[in-house]
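Atom set for the values below is all heavy atoms of this structure, side chains included, hydrogens, waters and symmetry mates excluded. This one's a predicted model, so the numbers in the text were calculated from it and none came from an experiment. Sequence lines set the chain letters: A, B, ... in the order given, protein chains first and strands last, and positions in each chain run from 1.
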Amino acid sequence: MAEEQRAATYQPQEVEEKWYKIWEENGYFSSEINADGEPFCIVMPPPNVTGQLHMGHALDQTLQDVLTRWRRMQGRRTLWLPGTDHAGIATQAKVEEALAKEGISKYDIGREAFLERTWEWKDTYHARITKQVRKLGCSCDWEKERFTLDEGCSRAVREVFCELYDKGLIYRGSYIVNWCSHCQTTISDIEVEHKDHEGHLWHLRYPYTDGSGYIVVATTRPETIPGDTAVAVNPNDPRYADKIGKTVTIPVNGRELPIIADEYCDMEFGTGAVKITPCHDPNDFDIGQRHKLEQLNVIGRDGKMNEAAGKYAGMTTAECREAIIKDFTDMGMLEKITEINHSVGECYRCGTVVEPLVSPQWFVKMLPLAKPAIDKVNDGTIRFVPERFTKTYIGWMENIRDWCISRQLWWGHRIPVWYCADCGETIVAKDDPTCCPKCGGAHLDQDPDVLDTWFSSGLWPFSTLGWPDQTQLLKDFYPTSVLVTGYDIIFFWVARMIFSGLEQMDEHPFDDVFIHGIVRDELGRKMSKSLGNGVDPLEIIAQYGADSLRFMLMTGIAPGNDTRFKPERLEGARNFLNKLFNATRFALMNLEDYEEGRYPLQLTLADKWILERLRITAIGVNENMEKYELGEAARMIYDFSWDEFCDWYVEIAKARLYRGTPEERHTAQTVLATVLSHIMELLHPFTPFVTEDLWQKLPHNGETIMLAKYPNGVGMDAYEEEAQQMQQIMDCIRAIRNIRAEMGVQLGKKADVIFAAEPQLLDLVKTGESYIMSLASAASVTLEAAGFAAPAQSAKAHVRGIDIFLPLAGVIDIDKEIARIEKEIAACDADIARLSGKLNNESFIGKAPAAVVEKERNRLKECEDKRVSLVEHLQLFK
RNA sequence: GGGCGUAUAGCUCAGCGGAAGAGCGCUUGACUCACAUUCAAGAGGCCGUUGGUUCGACACCAACUACGCCCACCA
């Protein structure tokens with residue numbers, strides 16, 4: 001790249017590294033900054049230490065950083081607390097995979113060595129992740145970084161476990177749970193993904209024991225037959241009314257089953273008779289409880305039939321299914337097979353079909369916890385943004401079932417429960433006990449299981465602030481201000497934090513929950529490993545810089561909606577930042593001799609206009625930020641910076657910078673520098689690096705833009721009238737440019753321009769003369785009284801009371817001009833028809849606000865004037 | 001079976017109870033002394049369908065259609 005061109009192109013890589021280091025070293029991310037300010041706190045959703053960050057993280061973290069930087073610049077005492085999650089199943093699976101590559105299993109090395117390996121893994125990925133977060137520019141307080149498995153969080157987990165146990169909210173029991181035979185652990189209900197499968201419904205004959213024929217049951221899972229302990233029918237089903245109380249015999253193993261009556265049975269479905277397998281189906285489990293049926297566990301944790309399955313023992317469930325169907329067929333007991341589309345539960349991690357089975361596990365009793373968690377959202381204490389997610393949350397919370405929290409893993413918080421080998425006592429304790437409090441025995445075995453990862457994640461808003469200790473940090477920042485996360489983990493995480501926070505702290509964990517969508521690929525597909533369509537944020541940062549990535553992610557998004565990752569949009573963001581870079585370069589070239597306050601300011605119309613537009617923009621940006629409409633805020637800054645400041649103001653300022661008096665030049669320099677640095681400040685939360693770099697080069701007060709005051713429009717002089725006047729001049733310039741372009745008069749060629757209007761408007765034109773000269777490339781500007789007769793062979797435009805003539809003898813194409821004018825007239829006609837229709841409507845006059853009516857009247861008059869003016873001009877050519 | 005979302009320019013998407021917006025793409029012109037990662041001008045929309053509320057609806061309400069998502073104990 002040529003040196004010259006390079007100088008005109010922003011090089012993000014050169015500045016990003018530098019500024020992050022300076023910020024971090026100077027402690028600007030610390031919550032001690034703005035120590036007297038009102039606290040503002042976000043706890044970062046901790047990324048899993050399983051791998052690297054993806055685009056979803058980049059979106060999530062950018063949103064948080066924008067909010068944090070904005071609040072910090074407002075003077076709030078901000079704490080954005082970073083951290084990582086140990087992610088039990090996911091991380092353990094990764095390490096097991098790594099071991100498998102070495103040809104060993106976790107059992108070969110044992111629990112302790114395995115955990116050592118996992119901690120090493122954690123260290124590696126933790127380092128990688130935090131580096132990525134830094135690359136992205138996140139202003140989190142690294143001094144306070146936490147990990148879900150660190151000493152403090154572990155203490156919090158034990159504390160909560162013991163408290164809930166003491167209150168009877170945690171219990172151990174043998175209930176039906178979801179078992180993943182691949183991950184070799186239980187998973188909670190929400191970790192089961194239901195997918196539709198085409199399957200078969202086997203209609204099987206179970207003969208009555210008394211020899212009086214048979215009953216036909218329909219099942220999708222014949223392999224569970226060895227575990228049947230009843231057949232159920234609906235008590236109101238006339239078909240079976242006289243069969244209730246009888247027994248049937250399972251043909252393939254000769255066991256006898258009672259026929260019971262239960263409302264659960266749907267008379268419309270299948271045959272209306274259901275085989276009941278309490279140990280391997282959640283519904284059947286409930287029925288079994290109701291009728292005190294025997295529990296017969298026939299499927300083992302390895303996904304194979306166990307001894308209780310008799311002759312089928314040792315088979316996989318699939319093999320068993322086949323064998324049983326064959327046996328029924330051979331015995332003539334298969335009535336028929338029908339097709340059925342039904343949903344099958346799969347493990348969310350590995351996709352293995354989940355096996356429901358009964359096993360002793362630890363549970364959290366949800367009903368008492370859900371109640372306040374629902375209330376605090378319903379009463380507005382916790383607010384979801386967008387609001388619609390409230391319904392999602394409430395709906396789930398109202399139908400919640402007890403939460404199975406024990407996992408048969410090694411990586412995680414070990415359940416703080418010990419069993420006395422001597423007397424069988426169960427000891428639940430915060431601190432490791434040395435002997436049994438009941439019998440004094442020293443043979444204690446700790447429960448081998450660990451807790452669900454989300455158990456510790458649920459404590460994140462307070463465990464990270466120091467709880468269970470009553471730290472100052474906790475007092476200052478709990479409840480936190482806002483939680484920023486994707487809609488995909490409302491149940492997994494948000495809900496758990498809410499009930500855990502309310503239970504332990506007696507106070508809600510955050511005021512707002514700001515929900516965002518997911519980042520999809522260019523085609524709108526979810527980014528995933530299997531599709532290989534993921535985009536690595538680090539690669540994008542290397543290519544375009546973190547600021548471009550951030551800006552792209554922040555624009556064109558609406559709260560709660562998904563967004564697509566489009567490379568073109570990345571280029572747009574890069575171009576915008578390059579634009580600002582060049583605008584700053586231009587300013588700096590013209591600020592070499594600048595000295596603040598050297599002359600009194602002589603603000604021109606354009607100066608007042610751009611200052612007013614800045615004021616309005618600043619107000620709008622803050623309003624949108626308050627509503628979490630970050631995309632809208634970013635768009636406002638973009639439009640103002642590019643369209644108004646760069647394309648208009650900078651061009652206008654050139655005349656005074658190059659040829660003005662020292663006073664004029666000084667004023668232009670001042671406004672240029674002021675507006676530009678305010679643009680940097682407004683934009684800083686979105687694109688922190690480039691704005692800091694450019695702001696530093698411009699005249700500024702303070703050591704970092706991070707701590708500059710965020711522009712909010714308050715205290716700025718208002719110039720509403722001047723802004724409107726300037727808009728009119730700009731419209732005139734656009735009209736002239738339009739004529740020139742349509743007539744093929746290139747901007748390189750100067751053209752004479754004649755304005756005709758009432759004196760007041762002529763004054764305005766006079767004021768804007770220099771802008772017209774330069775921006776419309778006029779050779780001369782002549783002012784004439786209203787009603788001035790058009791010179792021969794001229795083109796004409798009309799802008800709100802101002803007639804504009806371009807004498808173009810020899811250049812003008814009469815046909816083109818006629819066509820152009822006719823098009824304009826047609827547009828006027830359409831407007832006139834609409835407006836007069838409205839104004840002739842008495843209801844409109846009577847019921848619409850007076851200001852609206854007045855506005856429409858003015859508009860109509862303008863349209864009519866314009867039409868008259870243009871029609872008059874058209875006559876000249878006919 | 002419930003719940004939710006989306007439907008606006010060729011594409012991707014913002015937006016809004018009082019004259020349809022952006023980016024990209026397209027057309028035409030310009031290497032104009034910050035920037036060709038640029039500048040200027042322009043073409044391009046019954047704002048999914050049908051009703052309703054309203055002086056006024058692209059926006060609010062209802063129904064419908066299409067697509068997508070979430071939840072659910074569909075043997």
Trainee: Using a strict heavy-atom distance below 4.0 Å, which residues from residues 647-655 of chain A are in contact with RNA chain B?
Mentor: A:D647, A:V650, A:E651, A:K654

Trainee: Does A:D521 pair with A:R564 as a salt bridge, N-O distance under 4.0 Å?
Mentor: no

Trainee: Would you call A:R800 and A:E862 a salt bridge, taking side-chain N to carboxylate O under 4.0 Å as the test?
Mentor: no

Trainee: Both A:A583 and A:A741 contact RNA chain B. Taking the nearest nucleotide for each, which residue is further toward the 5' end?
Mentor: A:A583

Trainee: Please state how far atom CZ in A:R800 lies from atom C1' in B:A19, giving the value in whole angstrom units.
Mentor: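 Value for this atom pair: 13 Å.
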
Trainee: Looking at every strand, decide which applies to A:G345 at a 4.0 Å heavy-atom threshold: base, sugar-phosphate, or nothing.
Mentor: nothing

Trainee: Check this for me: does any side-chain nitrogen of one of A:K654 and A:E651 sit under 4.0 Å from a carboxylate oxygen of the other?
Mentor: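 A salt bridge is present here (some side-chain N lies under 4.0 Å from a carboxylate O).
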
Trainee: Specify the closest pair of heavy atoms between A:K526 and A:L531, including all atoms of both residues, with the distance to one decimal.
Mentor: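 Heavy atoms of A:K526 and A:L531 come nearest at O-CD1, 3.8 Å.
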
Trainee: B:C39 P sits how many Å from A:R737 CZ, rounded?
Mentor: 11 Å

Trainee: Any Lys/Arg nitrogen of A:K195 or A:E193 sitting under 4.0 Å from an Asp/Glu carboxylate oxygen of the other?
Mentor: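 Counted as a salt bridge, because a side-chain N and a carboxylate O are separated by less than 4.0 Å.
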
Trainee: Between A:I250 and A:K275, is a side chain to side chain contact (heavy atoms under 4.5 Å, CB included) present by the stated rule, with each step listed?
Mentor: CA-CA 10 Å; A:I250 302 176; A:K275 64 179 214 58; over 6 Å; no

Trainee: May I have the distance from A:E522 (atom CD) to B:C11 (atom P), rounded to whole angstrom?
Mentor: 15 Å

Trainee: So A:T220, base contact, sugar-phosphate only, or nothing? Heavy-atom distance under 4.0 Å.
Mentor: sugar-phosphate

Trainee: Using a 4.0 Å heavy-atom cut-off, does A:Y638 contact any base of the nucleic acid, only the sugar-phosphate backbone, or nothing at all?
Mentor: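 It contacts sugar-phosphate atoms only.
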
Trainee: Remember a base hit wins even if backbone is also touched, and classify A:W642 as base, sugar-phosphate or nothing at under 4.0 Å, heavy atoms.
Mentor: sugar-phosphate

Trainee: For A:I637 and B:A22, give me the distance from atom CD1 to atom P, rounded to whole Å.
Mentor: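 Checked: the CD1 to P distance equals 19 Å.
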
Trainee: Please report the distance separating the C1' of B:C46 from the corresponding atom of B:A57, rounded so that it comes out in whole Å.
Mentor: 14 Å

Trainee: Using the salt bridge (charged side-chain N to carboxylate O under 4.0 Å, His left out) rule, pick out the option among A:K866, A:R867, A:K823, A:R834 that qualifies with A:D829.
Mentor: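 One option only clears the test, and that one is A:R867.
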
Trainee: Please state how far atom CG in A:L839 lies from atom C1' in B:G56, giving the value in whole angstrom units.
Mentor: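 Computing the A:L839:CG to B:G56:C1' distance gives 12 Å.
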
Trainee: Has the side chain of A:K391 got a donor or acceptor that lies under 3.5 Å from a partner of the other kind on the base of B:C4?
Mentor: no

Trainee: So, OP1 or OP2 of B:G56: does either fall under 4.0 Å of a side-chain N or O from A:N841?
Mentor: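 A:N841 to B:G56 OP1/OP2: no side-chain N or O under 4.0 Å.
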
Trainee: Examine B:A41: is either OP1 or OP2 under 4.0 Å from a nitrogen or oxygen in the side chain of A:R740? Give yes or no.
Mentor: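 False: A:R740 side-chain N/O out of range (4.0 Å or more) of B:A41 OP1/OP2.
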
Trainee: Using a 4.0 Å heavy-atom cut-off, does A:N561 contact any base of the nucleic acid, only the sugar-phosphate backbone, or nothing at all?
Mentor: sugar-phosphate

Trainee: Check every strand shown and say whether A:E193 touches a base, only sugar-phosphate, or nothing at a heavy-atom separation below 4.0 Å.
Mentor: nothing

Trainee: Taking atom P in both B:U6 and B:C61, compute the distance separating them and give it to the nearest angstrom.
Mentor: 11 Å

Trainee: Among the candidates B:U37, B:C39, B:U12, find the nucleotide nearest to the side-chain atoms of A:T9.
Mentor: B:U37

Trainee: Any donor-acceptor pair under 3.5 Å joining the side chain of A:R574 to the base of B:U37?
Mentor: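 Side chain to base: pair found, below 3.5 Å.
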
Trainee: Salt bridge check: are A:E629 and A:K627 linked by an N-O gap of less than 4.0 Å?
Mentor: no

Trainee: Tell me what A:K566 touches on the nucleic acid: a base, only sugar-phosphate, or nothing, going by heavy atoms under 4.0 Å.
Mentor: sugar-phosphate

Trainee: Nearest of B:A34, B:A75, B:A14 to any side-chain atom of A:A558?
Mentor: B:A14

Trainee: If the C1' atom of B:G17 is compared with that of B:C35, how far apart are they to the nearest Å?
Mentor: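 It works out to 42 Å between them.
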
Trainee: Take atom CD1 of A:I736 and atom P of B:A41, then tell me their distance rounded to the nearest Å.
Mentor: 12 Å

Trainee: Salt bridge or not between A:E632 and A:R635? Use side-chain N to carboxylate O under 4.0 Å.
Mentor: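 Between A:R635 and A:E632 there is a salt bridge, with a charged N closer than 4.0 Å to a carboxylate O.
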
Trainee: Please determine whether side chain to side chain contact (heavy atoms under 4.5 Å, CB included) holds for the pair A:L698 and A:L588, giving the CA-CA distance in whole Å, both sets of side-chain angles, and the decisive distance to 0.1 Å.
Mentor: CA-CA 7 Å; A:L698 290 163; A:L588 293 175; 4.1 Å; yes

Trainee: Quick one: is B:A43 close enough that its OP1 or OP2 comes under 4.0 Å of any side-chain N or O from A:K823?
Mentor: yes

Trainee: Is the A:F581-A:Y10 ring centre distance short of 6.0 angstrom?
Mentor: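 Judged by ring-centre distance (under 6.0 Å), A:F581 and A:Y10 do meet the cut-off.
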
Trainee: Which part of the nucleic acid, if any, lies within reach of A:R221 when heavy atoms closer than 4.0 Å are counted: base, sugar-phosphate only, or nothing?
Mentor: nothing

Trainee: Nearest whole Å is fine: how far is B:A72 P from A:H194 NE2?
Mentor: 5 Å

Trainee: Which nucleotide in the list B:C70, B:C55, B:C35 gets nearest to the side chain of A:F491?
Mentor: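 Nearest to the side-chain atoms of A:F491, counting from C-beta on, is B:C70.
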
Trainee: Between A:E856 and A:K838, is there a salt bridge with N-O shorter than 4.0 Å?
Mentor: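 Salt bridge flag = yes for A:E856 with A:K838.
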
Trainee: Can you run through RNA chain B from 5' to 3' and write each base as (, ), [, ], | or . depending on how it pairs? Watson-Crick or G-U wobble, both distances under 3.5 Å.
Mentor: (((((((..((((....[..)))).(((((.......))))).....(((((..]....))))))))))))....

Trainee: Please state the C1' separation for the pair B:G25 and B:C13 - nearest whole angstrom.
Mentor: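 To the nearest whole Å, 14 Å.
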
Trainee: Look at all strands and tell whether A:N840 reaches a base, only sugar-phosphate, or nothing, counting heavy atoms closer than 4.0 Å.
Mentor: nothing

Trainee: Does OP1 or OP2 of B:A40 have a side-chain N or O of A:N738 closer than 4.0 Å?
Mentor: no

Trainee: Let me know, please, whether A:D643 or A:A218 comes out on the 5' side of the other along RNA chain B by nearest nucleotide.
Mentor: A:D643

Trainee: Check the phosphate of B:C71 against A:Y393, side-chain N and O only, distance under 4.0 Å to OP1 or OP2. Yes or no?
Mentor: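 No.
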
Trainee: With a 4.0 Å limit, can you tell me whether A:K526 has a side-chain N or O closer than that to the phosphate oxygens OP1/OP2 of B:C69?
Mentor: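 No, outside the criterion.
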
Trainee: When the C1' atoms of B:G23 and B:G15 are compared, how many Å lie between them, rounded to an integer?
Mentor: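 14 Å, rounded to whole Å.
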
Trainee: Taking the P atom of each, how far is B:C31 from B:U49, in whole Å?
Mentor: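 Each nucleotide's P atom is 46 Å from the other's.
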
Trainee: Between A:T9 and A:N578, which heavy-atom pair has the shortest distance, and what is it?
Mentor: CA-ND2, 3.3 Å

Trainee: Rounding to the closest angstrom, what is the interatomic distance between B:G5 and B:C16 at atom P?
Mentor: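 Taking atom P in both B:G5 and B:C16, they lie 16 Å apart.
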
Trainee: Return the value, rounded to whole Å, for the distance between atom CZ of A:F844 and atom P of B:G17.
Mentor: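 It is 17 Å, rounded to the nearest whole Å.
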
Trainee: How is A:A587 classified with respect to the nucleic acid when contacts are heavy atoms under 4.0 Å: base, sugar-phosphate, or nothing?
Mentor: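 The residue A:A587 makes no contact with any strand.
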
Trainee: Base, backbone or nothing for each nucleotide of nucleotides 58-66 of chain B, written B, S, -, heavy atoms under 4.0 angstrom, 5' to 3'?
Mentor: ---------

Trainee: Please state the C1' separation for the pair B:U32 and B:U38 - nearest whole angstrom.
Mentor: 11 Å

Trainee: As an exercise, state the distance from CE of A:M680 to CH2 of A:W695, rounded to the nearest 0.5 Å.
Mentor: 11.5 Å

